[in-house]
Colleague: 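First the structure, which I've put down as structure tokens, then a few questions once you've had a look.
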Amino acid sequence: MKIDRLIGILSILLQEEKATAPELAARFEVSRRTINRDIDDLCKAGIPIVTVQGSGGGIRIMDGYRMDRTILSSKDMQMILAGLRSLDSVSGSHYYGQLMEKIKAGSSEFVSGSEAILIDLSSWDKDGISLKIELQMKAIEVGRTVRFTYYAPKGNSEREIEPYYLIFKWASWYVYGYAY
């Protein structure tokens, strides 16, 4: 998803001195042109990004720029981390766990206290549900349809949908989408 990629690019640029467009493109599995558009979007959002062409060049954040973290309290950060832990419990890729580590690394003095809230969204069949969630998320990301067997009291049927949202409500996962 684009917002995840933008946050990822920003995180990389905040942690490293510089990166090149080909490196970022390979890391996020997109084209250089997509990275260039993402850099433009970050600039429009007010992030001062400097690009230098040629040997030794690359993309970096202007010297002296710091993101203001004071808008989030310690409790805010703990709640964000609890949400990420819950997403990581159903994700097969451990992306959310890696994101938590990045947030903790940059905010160690800011995130205090114990992890008192644990939300485990995984089912007993974690591997099966994780694969299905990843498949749905990928379909949403690239705009592809998915086919599945729909089980109903009146009988089973084959369905094809273009998924828009994955929703976890109470104890079940739902997919909202356009049915063909």
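Sequential numbering from 1 along the given sequence is applied to the chain's residues. Just so it is clear, the structure is predicted and the values come from calculations on it, not from any experiment.
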Colleague: Sequence neighbours excluded, which residues qualify as salt bridge (Lys or Arg N to Asp or Glu O under 4.0 Å) partners of Arg27?
Modeller: Glu16

Colleague: Would you indicate whether the side-chain heavy atoms of Ile161 and Thr145 approach each other to under 4.5 Å?
Modeller: no

Colleague: Could you give the distance from CD1 (Ile7) to CG (Leu10), rounded to the nearest 0.5 Å?
Modeller: 8.0 Å

Colleague: Check whether any side-chain N or O of Lys18 sits under 3.5 Å from a backbone N or O of Ile61 as a donor-acceptor pair, and report yes or no.
Modeller: no

Colleague: If you round to the nearest 0.5 Å, how far is CD of Gln136 from CZ of Phe148?
Modeller: 7.5 Å

Colleague: With sequence neighbours left out, write down each residue that passes side chain to side chain donor-acceptor pair (under 3.5 Å) with Arg32, or none if nothing qualifies.
Modeller: none

Colleague: Suppose we screen for side chain to side chain donor-acceptor pair (under 3.5 Å). Which residues come up paired with Glu158, at least two apart in sequence or across chains?
Modeller: Thr149

Colleague: Identify, with sequence neighbours excluded, every residue that meets side chain to side chain donor-acceptor pair (under 3.5 Å) alongside Tyr180.
Modeller: Glu162

Colleague: Looking at CD1 of Ile9 and CD1 of Ile35, how far apart are the two atoms once the value is rounded to the nearest 0.5 Å?
Modeller: 4.0 Å

Colleague: Which atom names give the shortest non-hydrogen contact between Ala21 and Asn36, and what distance separates them?
Modeller: CB-OD1, 4.2 Å

Colleague: Would you mind reporting whether Thr34 and Asp38 have side-chain heavy atoms less than 4.5 Å apart?
Modeller: yes

Colleague: For residues Leu135 and Ile133: do they belong to one hydrophobic cluster (side chain heavy atoms under 4.5 Å, members Ile, Leu, Val, Met, Phe, Trp, Tyr)?
Modeller: no

Colleague: Is there a path of hydrophobic side-chain contacts, each under 4.5 Å between heavy atoms, that joins Ile140 and Ile167?
Modeller: no

Colleague: Supply the atom-to-atom distance Asp4 CG to Phe28 CZ, rounded to the nearest 0.5 angstrom.
Modeller: 9.5 Å

Colleague: Has Tyr164 got more than 12 heavy atoms of other residues, nucleotides or ligands less than 6.0 Å from its OH?
Modeller: yes

Colleague: Mind checking the CG-CD spacing from Leu166 to Glu134? Nearest 0.5 Å is all I need.
Modeller: 9.5 Å

Colleague: Heavy-atom count check: over 12 atoms from other residues, nucleotides or ligands less than 6.0 Å from Arg37 CZ?
Modeller: yes

Colleague: Looking at residues at least two apart in the chain, or sitting in another chain, which of them share a ring-ring contact (aromatic ring centres under 6.0 Å, His included) with Tyr165?
Modeller: none

Colleague: Donor-acceptor pairs under 3.5 angstrom involving side-chain atoms of residues 39-50: please list them, not counting sequence neighbours.
Modeller:
{"residue": "Asp41", "atom": "OD2", "partner": "Lys2", "partner atom": "NZ", "Å": "2.5"}

Colleague: Of all the heavy-atom pairs spanning Pro163 and Val175, show the shortest one and how long it is.
Modeller: CB-CG2, 3.6 Å

